[in-house]
Visitor: 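Quick one: the structure is below, questions incoming.
Chain A is the first sequence line, chain B the second, and so forth, proteins listed ahead of strands; every chain is numbered from 1. Predicted model, so just to flag it, every value in this text is computed and none were measured.
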Amino acid sequence: MTHSVWTRLRPWGLLLGLAPGTALATPNFPGVIETELGLPSAPLCPLCHQGTPMVGTVVTPFGSSMRQNGLVLLDEDSLRAALAALEQQGVDSDGDGTPDISELRAGEDPNREPGKPGEVPLLEPRYGCSSTGGGIATAALLLLLTLMRGGQRRGPRSSLTPS
Amino acid sequence: MRTAPALLSAALARAAFAGAPGWLALLVLLALPLRAEAYPWMIRHHYTNCGSCHVDPSGAGILTPYGRAQSELLLAMRWRPGSAEGEVSPSTGFLFGVVSPPEWLNLAISFRGGALLNRTPTTTAVRPIQMVGDLRGAVIFEQLRASGSIGFASRDALPALLTSRPDNNLVAREYWLGVDLAEGMLLLRAGRILLPFGLRNVEHTSWVRSVTGTDINTGQQHGLGVAFNTEGIRADLMGIVGNLQLRPDYYRERGYSGSFELRLGEDATLGVSSLMTQARYDVTTLQPFFLRQAHGLFARWAPTGPLVLMGEVDALLWLPQGGEGNVGVVGMVQADVELVQGLHVFGTGEVLSQPTLLGVGAWLSVAWFFNPHAELRIDSTLRRTESGGPPTTALTVLGQLHLNL
């Protein structure tokens, strides 16, 4: 019975599984920018959007520069190309003397001169030392286990002093 | 202290040498989610300082061998009334004494988990909860002191994350390196350290801990600290450079946190705390140049054998650049009655008052230390909060098993 229902629904599931890859491309933009520019975390919406993020709100100075350099809704390739163009041209959307891409990499706001009122963080807070890692943790764990093994080889302790 | 160090030394020295079963148990336990504890009510046994039982001179975290012994002598229920005073079983050691680390190395595995019920007028939810699952290690070698932990968190515990997955992350709550400059009286240390502030109570969700950001679960930050402990005085001051496990840098807080506790007789202390930090952006509200302050008093008193009273009150000031300041107060009083050794009943009242939030809460808790390594605990919490709209009342019941192996 279960197998029968699954068999009937599977084509629809496959179809639905394909759909989000396109329909939800824009939410991936922050992740693409993070990866392309090697940022410590993903940008927040106010980097490009004014107000609630939706079509027609990409009007910040940086967002406008990206659109002028070919950014297309839902198209990640156009996002990469626009970032590359801004970096190559040294575009400085807020006119503070520092190119947008350099500001982003430094965690600064390419939409506003430093110290101007209305400053908001443009990179999301992210916890953890790495997204895939555990390298440090694993090393620490191995060190502890090694120390324990060393202690065991020496056999039982003969004395122990309370603190 | 009332214990017999010589007897304790002899008892622990009998801890058996470990073999494969110990390693196997360790590996199995490492696969489980895991915390070590802080019990300010140990003042009933005239412990006003923390450094005798904990490697951290301000309490919480991994126990010293002496502290492990007290788990049996003073903390846990005594099932054999005839056992000799001061005699400690070798099983109080790491993993019940079947694994024997070298003398300079302390190890512990801490697990805290159970089930959580949340009930509001409109919803009731029950879910399993894993709060702590840590392997802890500490080195005490001549003047050198070092302590660290690594563990697993199935969810939450954000400030302590080592990895950045949505769930099932590695966590490191504390890791620091220190030097003992005066035979246990003066410790200078650097690393990720629990902020010294107020009562170091185990109820990490109590408002005095969560609102001040000083809870023992995730309140640690990186910095440099100096702790002073002597007969009658406990002082701890930390310069904070931020939580380096949070990025980008502009969310990290810089500032200080400190506490000073004075013993008033054998069974009472009075302390003051102060904390001031500033981050370029507050990690919760995203407001710029966020100044966070908390300053307060705390006290512990054991007026008679089974009863301990504790309290803390802190003034709060949150001030973003160009925004309105948020001035408030948070407080807690707690009465702990130890009916028989190992069985505690706690009553706790708490209050939180800020311009946008007013809350009162009452806790009724039962903790049963049925073994030196194990505790069963039930906390029922009723909280009423008001934040602009109609008041909300929520009941929380947490049942948990705590293991400290």
Visitor: I'd like to know if B:Arg247 and A:Glu34 make a salt bridge, using a cut-off of under 4.0 Å between side-chain N and carboxylate O.
Guide: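 Here B:Arg247 does not pair with A:Glu34 in a salt bridge, since their nearest N and O are not under 4.0 Å apart.
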
Visitor: Quick one: CG on B:Leu161 to CZ on A:Arg126, what's the gap to the nearest 0.5 Å?
Guide: 11.5 Å

Visitor: Identify the two heavy atoms, one from A:Pro125 and one from B:Pro248, that lie closest to each other, and give their separation to 0.1 Å.
Guide: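 Heavy-atom minimum between the residues: CA-CD, 4.5 Å.
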
Visitor: Is B:Pro159 in contact with chain A via its backbone, its side chain, both, or neither, using a 4.5 Å heavy-atom distance?
Guide: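 Backbone plus side chain of B:Pro159, per the 4.5 Å heavy-atom cut-off to chain A.
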
Visitor: Name the region of A:Leu39, side chain, backbone, both or neither, that has any atom closer than 4.5 Å to a heavy atom of chain B.
Guide: neither

Visitor: If only atom types and distance count, is the side chain of B:Tyr250 paired as donor or acceptor with the main-chain N or O of A:Leu123 below 3.5 Å?
Guide: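 Pair found, side chain donor or acceptor close to backbone of A:Leu123.
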
Visitor: Below 4.5 Å from any heavy atom of chain A, which atoms of B:Asn243 appear? Answer side chain, backbone, both or neither.
Guide: side chain

Visitor: Given side chains that start at C-beta, do those of B:Val283 and A:Tyr127 come closer than 4.5 Å, heavy atoms only?
Guide: yes

Visitor: Report, as yes or no, whether the 6.0 Å neighbourhood of atom CD on A:Gln50 holds more than 12 heavy atoms from other residues, nucleotides or ligands.
Guide: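 It does not: A:Gln50 CD has 12 such atoms or fewer within range.
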
Visitor: Which residues from residues 59-70 of chain A are near chain B, with near meaning under 4.5 Å between non-hydrogen atoms?
Guide: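 So no residue qualifies.
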
